[in-house]
Amino acid sequence: MPTGDVTREARTREARTRAAQRRRPELATFLRSRRARVTPADVGMPPGFRRRTPGLRREEVAQLSGVGVTWYTWLEQGRPINASAQVLDAVARTLRLDPPEREHLYRLAAVPFDPGPEPPVQRVGPEVQLVLDALDPHPAAVYNSRYDVLATNAAYRDMYALPAMRGTGVPNVLWSLFTGPAETCPLVYRERELPVMVATLRSNYGRHVGEPSWENFVRALSAASDCFARLWASGEVIPPGPRVKAFRQESVGELRMTAVSLSIDGLPECRIVTYTPDDEETRAKIALLRDRRERLWPPTQEAADAFARGWNGENPAPWGDGILLTDP
């Protein structure tokens, strides 16, 4: 083995050793602090007499978790022992850890963490809506990883003003694009953009294989659109990233927009997608749309509700989710 490779491997081992040495005392401190906040009454045990320890004793945690007292003591002392996911789950249940604390426990113990499937987020809070509204006149929306539309601002509703988009009855961008008439699609370069969106969807799908909501969505859209079924069968995978897209808007013509995604704390796999003008002509058209809206159609609650009704309609989503737009 070349000398450089040996040196790199040695440095990697040294870095891992230092990281493990740092994690162990952190793990010990974390377990002691979580144990101290759980009382015997919390786990159905009598309080007993002369209890000096705040919260549970080590032996009580071990007993309730189904592990040996010595093993748990060593774990809490930060000794170099191995812990399985099953044992950590048992300790997490005994210590009544919430999901972020459970993930923190796994990471400190250097055990791969699998949070399990989460239901898709169906609504966003008013604070996120305020951010979207503040971005006006730039179009912005909240999508989840399946392209469900969870919230929009008025500029986004201006950009997607085509009746064919609002008439699908489903607040999902992919469903609208693939099931609407091709001649009314708001994407100017439909044949170029749709494969990218499907490849991005497949990249997200990898985290949800086997989940009924995702499987039903893919199955329903494949049945509704031969184009989607063909693109899905290609197996292409592309991570999300900034792109320049051209949109066809019924009143001002073509809009060239740069799409950028921003993650949202507390909303896993959701992102704010913002669209900014890519040239001065588009910037002027976006300003014109805003001026026209404020002059002729003030962005009232009634107008926003009408847009939401146009996308949601009266029918449930064909794949069975019942996703609804947030109340703007």
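Looking at Tyr205 and Glu211, their side chains never bring a donor and an acceptor atom within 3.5 Å of each other. A donor-acceptor contact closer than 3.5 angstrom links the side chains of Tyr106 and Asp89. Checking Asn216 against Ser213 by side-chain atom types alone, no donor-acceptor pair falls below 3.5 Å.
Using a 4.5 Å heavy-atom cutoff, the side chains of His208 and Arg146 are not in contact. The shortest side-chain heavy-atom distance between Val149 and Tyr143 falls under the 4.5 Å cut-off. In this structure the side chain of Leu177 reaches within 4.5 angstrom of the side chain of Cys185, judged on heavy atoms. For the pair Pro195/Glu236, no side-chain contact is recorded, criterion being any heavy-atom separation below 4.5 Å from C-beta on. Looking at heavy atoms from C-beta onward, Glu76 lies in side-chain contact with Arg35 at the 4.5 angstrom threshold. Looking at Pro268 and Asn144, their side chains never come closer than 4.5 Å, going by heavy atoms from C-beta outward. Proximity of Pro277 to His138: side-chain heavy atoms (C-beta onward) are separated by under 4.5 Å at one or more points. Using a 4.5 Å heavy-atom threshold, the side chains of Val111 and Leu105 count as separate.
Considering Arg93, Arg96, Arg37 in turn, Arg37 is the only one that fulfils the salt bridge (Lys or Arg N to Asp or Glu O under 4.0 Å) rule with Glu101. Tested against Leu64 for a side chain to side chain contact (heavy atoms under 4.5 Å, CB included), the candidates Thr94, Leu95, Val91 yield a single pass: Thr94.
A continuous path of Ile, Leu, Val, Met, Phe, Trp and Tyr side chains, each step under 4.5 Å between heavy atoms, connects Tyr156 with Leu288, placing both in one hydrophobic cluster. Criterion: ILVMFWY side-chain heavy atoms under 4.5 Å apart, direct or through other members. Under it, Val87 and Trp74 are part of a common hydrophobic cluster. A continuous path of Ile, Leu, Val, Met, Phe, Trp and Tyr side chains, each step under 4.5 Å between heavy atoms, connects Val218 with Leu231, placing both in one hydrophobic cluster. Leu194 and Val188 fall into different hydrophobic clusters, where Ile, Leu, Val, Met, Phe, Trp and Tyr residues are linked whenever their side-chain heavy atoms come under 4.5 Å apart, directly or through other members. Cluster annotation: Ile81 and Val67 are assigned to the same hydrophobic cluster (Ile/Leu/Val/Met/Phe/Trp/Tyr, side-chain heavy-atom contacts under 4.5 Å, transitive).
The two residues Pro137 and Ala155 come nearest to each other via the heavy atoms O-CB, 3.3 Å. Between Ser65 and Ala90 the shortest heavy-atom distance is O-CB, 3.4 Å. In terms of heavy-atom proximity, Ser251 sits nearest to Arg292 at CB-NH1, 3.0 Å. Minimum heavy-atom separation, Gly55 to Pro40: O-CD, 4.3 Å. Minimum interatomic distance between Lys285 and Leu255 (heavy atoms only, all atoms of both residues): CB-CD2, 3.6 Å. When all heavy atoms of Pro139 and Asn153 are compared, the closest pair comes out as CA-OD1, 3.7 Å.
Atom CG in Asp158 sits 7.5 Å away from atom CG in Asp136 (nearest 0.5 Å). Rounding to the nearest 0.5 angstrom, the gap separating the CD1 atom in Ile272 from the CG atom in Leu135 is 7.0 Å. Taking CD of Gln63 as the reference point, atom CZ of Arg57 lies at 11.5 Å (rounded to 0.5 Å). To the nearest 0.5 Å, the span separating CG on Leu27 from CZ on Arg79 amounts to 13.5 Å. One distance of note links CD1 of Ile286 with OG1 of Thr276; it measures 9.5 Å at 0.5 Å rounding. Atom CG of Leu75 and atom CG of Asn82 lie 10.5 Å apart (nearest 0.5 Å).
Panel note: side chain Asn204, backbone Leu201; no donor-acceptor pair is recorded below 3.5 Å. Judged by distance alone, with hydrogens and angles left aside, the side-chain atoms of Glu26 form no donor-acceptor pair with the main-chain N or O of Leu108 at under 3.5 Å. Proximity of a side-chain donor or acceptor of Gln129 to a complementary backbone N or O of Thr152 within less than 3.5 Å is detected. When atom types are taken as modelled, the side chain of Gln249 and the backbone of Met159 share no donor-acceptor pair closer than 3.5 angstrom.
Between Glu193 and Arg243, at least one side-chain N (NZ, or NE/NH1/NH2) sits under 4.0 Å from a carboxylate O, which counts as a salt bridge. A salt bridge is defined here as a Lys NZ or Arg NE, NH1 or NH2 lying under 4.0 Å from an Asp or Glu carboxylate O, and Asp278 with Lys245 fails to meet this definition.
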With side chain to side chain contact (heavy atoms under 4.5 Å, CB included) as the test, would you mind laying out the steps for Tyr189 and Glu191 before giving the verdict?
-> CA-CA 6 Å; Tyr189 304 107; Glu191 70 286 349; 4.2 Å; yes

Does the side chain to side chain contact (heavy atoms under 4.5 Å, CB included) test come out yes or no for Arg256 and Val244, once each step is laid out?
-> CA-CA 7 Å; Arg256 287 181 52 81; Val244 176; 3.5 Å; yes

Test log, rule side chain to side chain contact (heavy atoms under 4.5 Å, CB included), inputs Leu132 and Val142 = CA-CA 8 Å; Leu132 296 179; Val142 176; 3.9 Å; yes

Between Glu60 and Val38, is a side chain to side chain contact (heavy atoms under 4.5 Å, CB included) present by the stated rule, with each step listed?
-> CA-CA 11 Å; Glu60 292 169 338; Val38 182; over 6 Å; no

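Cation-pi check for Arg271 over Tyr147 is met; the charged atom lies under 6.0 angstrom from the ring centroid and within 45 degrees of its normal.
Using bins of under 30°, 30° to 60° and over 60° for the plane-to-plane angle, the ring pair Phe247/Tyr275 lands in the perpendicular bin. Under the 30°/60° scheme for interplanar angles, the aromatic rings of Trp175 and Phe217 are found to be tilted.
Two rings, from Trp232 and Phe178, have their centers 6.0 Å or more apart.
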